[in-house]
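Right, one structure below, let's go through it.
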Amino acid sequence: MRFIDTAVPILAGLSTLVEAQNVDFGKVYSAKPQLKSASNTESSTSSIKTSSVASSIVSVLSSRHAATMVSSASTASAKSSSSAKSSSLSKSSNTSSSKSSSATTLSTKKATSSTKQSSSSTQKTSSSAAASSLCPSINNKDITDTKGKVYTIKCSSDTNVGAFTNKAATKSFADCMNACDDTSGCVAFSYVGGDGGNGSGTCWLKNSAGSAISAGTNYVAGFLKSIPSSSKTMTTSTKKTSSSSAKITTSTKKVTSVSTKASTSTSTKKTSSTKVKRATATTCSNPNSILYNYQANYNTPTQFLLDTTLAGLAAAQWYPPAGYSTSFTSQLAGLFAPNYLGYQQLSSYDTSACAAYCNARSDCNAFNIYIQRTPTFIPDDSCPNPNAAAQITCALYGSPVDASQATNIGQYRKDFMVVIQGSNGYNLNPVPASVSSFQGPTALDGVAYSSNIYLGQKYFSTYDVNQCSSLCNAYTANSKSQNAKSSTYTPCNYFNVFNLTLNGQTQLMGCYLFTTSDAANYDVYTTAQDSSGTVYNLTNSYGYALYPQDKGLTSVTWTPAPTGKNATCSALGKAGSSYIDYNGVNYTLGCGYDVQYAADIGNQTTPDFYSCFAICDSGSFPGCDGFAYLGNTCYFKTLAGSSRTPQLDNYNVDMAWMPASYAGFNAYTVPGTVSYTTTTTVWSGPGSTTTTTINGLSGTVIVKTSGSVPAATTTTYVTVTTDQGTASTIATQTITPTKGLTGTVSIVYPTPATTCGNKGAAVGFYSNPVPGQQGVSQYPAFKPEVMKTSVPSAQVTGISYIGEYNDDSHGTYVYGKYQTSNTLSTLALNHVFYVFAGHGTGYYYINLPQADDVTLLWVGPNALSGYTRANAQLIQTWSAPAPATLGFYLTANTYTPIRLWFANGGGYGGFQFTVTAPDGATILQTTPNSNAGVMNSDIVMFPCDTSKGAKFPAFGKET
Ligand SMILES: *[C@@H]1O[C@H](CO)[C@@H](O)[C@H](O)[C@H]1NC(C)=O
Ligand SMILES: *[C@@H]1O[C@H](CO)[C@@H](O)[C@H](O)[C@H]1NC(C)=O
Ligand SMILES: *[C@@H]1O[C@H](CO)[C@@H](O)[C@H](O)[C@H]1NC(C)=O
Ligand SMILES: *[C@@H]1O[C@H](CO)[C@@H](O)[C@H](O)[C@H]1NC(C)=O
């Protein structure tokens with residue numbers, strides 16, 4: 001056995017956190033919704049102020065509406081175009097009213113122009129025709145463009161299909177028909193520009209029609225209806241145009257006939273609903289498609305603005321979706337902001353869904369999500385003030401948004417007042433730098449934390465992601481060096497960086513390390529509280545995953561490759577045991593087994609069995625997933641798909657295979673007994689002779705006797721293992737039955753010399769100096785090194801089990817010493833012993849199944865002196881229980897020192913401890929929840945021959 005001295009831990013930063021050390025997760029922090037007045041002066045949180053803001057919004061809009069009514073009787077849309085250009089409400093409402101009057105005049109020209117179309121300059125006439133036919137008069141009409149293609153027009157509508165490209169409209173929505181004609185695949189468009197479709201804008205071209213969804217008056221949707229196949233159809237379509245102009249006349253009539261109903265006012269709720277229903281049936285015919293299903297028991301704009309349920313939807317989303325920062329929340333207005341990119345309707349107040357729309361566009365940098373009081377029917381003269389619904393809108397912007405831009409308080413559509421609730425704005429975060437060897441950054445929904453995979457944290461005063469990746473890499477390097485002689489170490493495979501912010505100001509950059517990328521599934525923490533009680537927001541959270549992931553398997557480079565006997569199959573393990581080779585490939589050993597002649601793909605001579613692994617891994621024999629070794633030759637195999645099971649073999653063949661591709665067998669399920677069939681036959685020779693053969697688990701004993709022939713019988717052998725004797729090899733003896741049917745296979749393991757009063761282990765009793773702090777994950781306060789020079793309250797030598805348990809109410813005997821309930825609650829125990837590798841060379845597994853509150857283990861030189869919490873090779877805790885097992889590769893018949901500290905921080909306490917030999921034999925095992933257990937004779941306090949291992953220093957005199 002050879003030890004490499006473990007390095008002093010490099011990660012001082014992880015054990016001693018300088019800044020914000022006591023940050024603790026999971027405290028719920030609720031942000032109060034901030035309501036801003038329409039003019040964005042002061043934010044207010046009181047309901048009195050909210051209601052005064054609401055009524056001021058309503059009165060501002062009503063007075064605008066009154067003003068519009070005076071200037072134009074037909075259309076009253078005060079909705080500003082949401083495009084960058086429009087900045088003042090009054091300006092856009094002026095434009096729209098002047099437009100609507102011109103629309104009325106121009107629509108008369110239209111019939112004329114369509115007649116002209118066949119003869120004169122098509123281009124010009126048609127564009128004037130289109131310009132003359134504007135919304136809302138052409139709503140639901142089929143319009144033929146200059147190419148003779150017919151589009152069905154829906155005013156104030158978008159389509160529910162995303163655009164595949166866009167083109168500019170210079171004069172009006174009619175340009176979009178031409179743009180669509182000229183773009184292959186285009187079957188529909190959404191124009192976003194001036195009110196009623198007039199003015200320059202953007203044509204969003206769609207490659208599938210989808211359906212119309214209600215949008216602002218600056219939207220016009222067009223759906224390609226028919227395509228001319230020849231010039232003849234041109235004429236037909238011209239006709240169509242004139243017929244559609246006839247329709248316009250019809251619709252005008254309609255308007256006139258019902259417009260009187262517009263001023264219906266209501267006194268009680270009941271009457272109102274009945275009246276509205278009746279009105280719907282007779283006058284409202286263009287339903288708005290509203291995805292959010294919200295049933296309100298009121299129908300006024302003021303009540304909408306004061307609706308706390310709707311306000312709550314927005315307030316709940318104070319924390320931004322992954323990749324964004326919250327700019328503002330709970331405003332009663334949408335935005336007038338530059339670089340507007342259009343909107344999507346949502347079926348719920350889902351900021352992540354809105355973020356997904358923004359993420360899908362490279363030009364999107366911000367979004368505004370709000371709830372709009374929207375008419376259930378598109379208002380027109382026959383349906384001026386339909387019932388209200390709540391529509392959730394996700395509006396996208398090319399540049400960052402802020403609360404000062406939230407001034408779009410609403411508008412009238414006919415007599416319907418559109419107002420805005422719960423308006424939240426989010427800006428896309430700057431993406432942190434990428435880091436070599438790590439995939440990411442991946443925006444997270446919050447900060448990740450899970451005690452099972454968490455490794456440590458640190459905060460930095462400057463924002464540089466490399467500080468966190470360096471910490472992650474250093475963690476792995478340190479763990480590797482500390483576990484150089486064990487089979488595994490704990491790698492850092494994932495880190496999470498974030499900003500610790502207070503009132504929008506970043507205080508520190510946080511860095512969390514994890515052992516698996518699974519961390520990303522635990523990204524739910526949004527706030528943290530420090531020891532002084534200050535709550536921070538955790539923002540700009542990004543994850544980075546090591547690529548490829550580090551499996552945490554120690555290669556055997558710490559010791560030279562075995563040669564000679566050490567490189568044989570039986571030196572590496574036994575049939576059925578797992579063997580992780582130099583390259584980290586998992587094999588199952590089949591020492592003594594073979595699948596004769598099966599699946600061979602090639603062979604190569606090597607000095608030993610061990611050398612076959614690297615060749616199989618190397619790819620020189622493609623498909624190699626196992627091998628058999630005989631003489632000096634590796635026979636490489638492709639065993640995947642083979643139904644052959646390895647059989648015990650008489651020709652010194654050893655096998656190994658990759659359990660991932662071939663089941664082979666699991667030796668632990670192979671019965672330890674061999675069934676012999678005894679056949680007695682008569683022979684002519686003198687006296688009697690016996691021949692025994694074994695094939696797999698079947699043995700045949702042929703007894704040849706001169707004389708009588710007894711009937712055939714079956715003999716069963718049982719395997720008995722004993723730890724006894726001082727021979728240096730494991731002896732196997734088969735005792736055939738002299739009478740009866742059961743024979744014995746006896747395996748005798750070497751044991752350490754115990755002639756010097758060294759049997760068992762030694763333990764020192766202490767009082768835990770840091771009780772009550774065990775609730776902190778992994779009980780970092782417990783550092784056993786502080787007790788190295790403390791005189792123990794008691795000590796016992798020659799103990800014959802290791803383990804402890806107290807039930808929090810009774811005194812009990814611990815290693816034969818009575819302890820009161822009080823003492824037990826803060827008991828600390830320091831165990832020392834040597835393990836003798838009597839079960840051969842191979843991995844001895846040490847496991848700490850459970851600790852209440854902490855156990856720490858050292859194997860090798862540090863166990864004798866130099867042990868600290870930081871260089872413990874295994875830690876198990878109550879506060880963060882996690883599997884704690886390490887394999888230590890020991891050479892047969894050597895002695896290895898081990899130290900195990902246990903401490904209780906209060907109340908119930910106890911721990912369990914297991915050591916298993918390479919062949920699965922139990923060396924040490926605690927009987928759970930008791931002061932008892934099993935210890936075999938391989939445990940001694942020190943070797944009798946001190947050249948094989950020094951005595952442990954006395955308790956109280958440790959170094
Ligand atoms: C956390 O973020 C919300 C939303 O941006 C904000 O209202 C609140 O003040 C922030 N809290 C802190 C402690 O920074
Ligand atoms: C917060 O995090 C981002 C990266 O996500 C970084 O660019 C920024 O500098 C940090 N600090 C502030 C004040 O935003
Ligand atoms: C086997 O390994 C042990 C321990 O490393 C070493 O002392 C011994 O010389 C090795 N034997 C052979 C044959 O290589
Ligand atoms: C190796 O494979 C065996 C069988 O599939 C499995 O039980 C064992 O856990 C694996 N070992 C490692 C270290 O992955």
Side-chain angles (χ1 to χ4, degrees), residues 20 23 27-36 43 45 314-321 324-331 351 366 369 400-403 422-427 429 446-447 483 486-491 498-508 510 516 525-530 532-541 549-556 572-573 575-590 613 625-626 639-640 656-669 842-843 845 847 883 885-889 916 918 920:
V23 170
K27 303 280 188 297
V28 176
Y29 176 74
S30 64
K32 281 198 175 165
Q34 291 195 339
L35 288 170
K36 284 216 170 178
S43 61
T45 52
Q317 300 305 319
W318 65 272
Y319 195 80
Y324 290 80
S325 290
T326 307
S327 173
F328 58 84
T329 57
S330 302
Q331 301 294 300
T351 56
I369 179 170
V401 298
D402 65 67
S423 169
N424 288 5
Y426 304 89
N427 291 323
N429 289 333
V447 167
N483 292 287
S486 72
S487 54
T488 61
Y489 58 91
T490 307
F498 55 92
N499 290 347
L500 192 71
T501 67
L502 191 58
N503 304 321
Q505 298 299 308
T506 295
Q507 310 294 310
L508 294 167
T516 70
Y525 295 91
T526 55
T527 63
Q529 196 170 35
D530 71 12
S532 70
T534 306
V535 176
Y536 299 85
N537 280 349
L538 306 174
T539 66
N540 301 63
S541 180
Q549 294 264 292
D550 185 331
K551 295 196 193 83
L553 302 176
T554 309
S555 70
V556 293
L572 301 175
S577 49
S578 289
Y579 181 75
I580 308 297
D581 76 4
Y582 180 85
N583 296 309
V585 181
N586 190 349
Y587 283 88
T588 298
L589 297 180
F613 289 106
D625 59 9
L639 292 161
W657 59 86
M658 297 179 191
S661 64
Y662 172 64
F665 65 79
N666 177 350
Y668 296 107
T669 66
Y843 282 111
Y845 289 93
N847 176 227
T885 304
L886 282 181
F888 294 89
Y889 193 77
T916 309

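Order of appearance sets the numbers: ligands from 1, and atoms from 1 within every ligand. Residue numbers count from 1 along this sequence. Predicted model, so just to flag it, every value in this text is computed and none were measured. FYI, side chains are in, hydrogens and waters are out, and symmetry mates aren't considered; it's all heavy atoms of this structure.
Heavy-atom proximity to V535, at under 4.0 Å, picks out these atoms of ligand 1: 13 (C). Which parts of ligand 1 touch T501 is read off a 4.0 Å heavy-atom cut-off, strictly below it: atoms 14 (O). Within ligand 1, the atoms closer than 4.0 Å to a non-hydrogen atom of T326 are 5 (O), numbered from 1 in the order shown. Interface atoms of ligand 1 facing N537, defined by a heavy-atom separation under 4.0 Å, are 1 (C), 2 (O), 3 (C), 8 (C), 10 (C), 11 (N), 12 (C), 14 (O). The ligand atoms of ligand 1 that sit less than 4.0 angstrom from a heavy atom of W318 are 1 (C), 2 (O), 3 (C), 4 (C). Close contacts of ligand 1 with L502, meaning ligand atoms under 4.0 Å from a residue heavy atom, involve 13 (C), 14 (O).
Taking any N or O of Y536, backbone or side chain, none lies under 3.5 Å from an N or O belonging to ligand 1.
A side-chain donor-acceptor contact under 3.5 Å links S327 to the backbone of V401.
The residue T329 has no part lying near ligand 1, judged by heavy-atom distances below 4.0 Å.
A heavy-atom distance below 4.5 Å is found between the side chains of S423 and F328. You'll find the side chain of T326 reaches within 4.5 Å of the side chain of Y426, heavy atoms only. Within the 4.5 Å cutoff, the side chain of L500 has heavy atoms near those of the L538 side chain.
Checking N847 against Y845 by side-chain atom types alone, no donor-acceptor pair falls below 3.5 Å.
Taking the ring-ring contact (aromatic ring centres under 6.0 Å, His included) definition, one finds that Y662 meets it with W657, sequence neighbours left out. When the side chain to side chain donor-acceptor pair (under 3.5 Å) test is applied to N586, no partner is found at least two apart in sequence or on another chain. With sequence neighbours excluded, the residues satisfying side chain to side chain donor-acceptor pair (under 3.5 Å) with S325 are N429.
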Please tabulate protein-ligand N/O pairs under 3.5 Å for ligand 4, atom names and distances to 0.1 Å.
residue	atom	partner	partner atom	Å
ligand 4	2 (O)	N586	OD1	3.3
ligand 4	2 (O)	N586	ND2	2.3
ligand 4	11 (N)	N586	ND2	2.8
ligand 4	14 (O)	N586	ND2	3.4

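Of all the heavy atoms in P400 and A366, the pair that sits closest is CA-CB, 4.0 Å.
Classified by interplanar angle (parallel below 30°, tilted 30° to 60°, perpendicular above 60°), the ring pair F613/Y579 is tilted.
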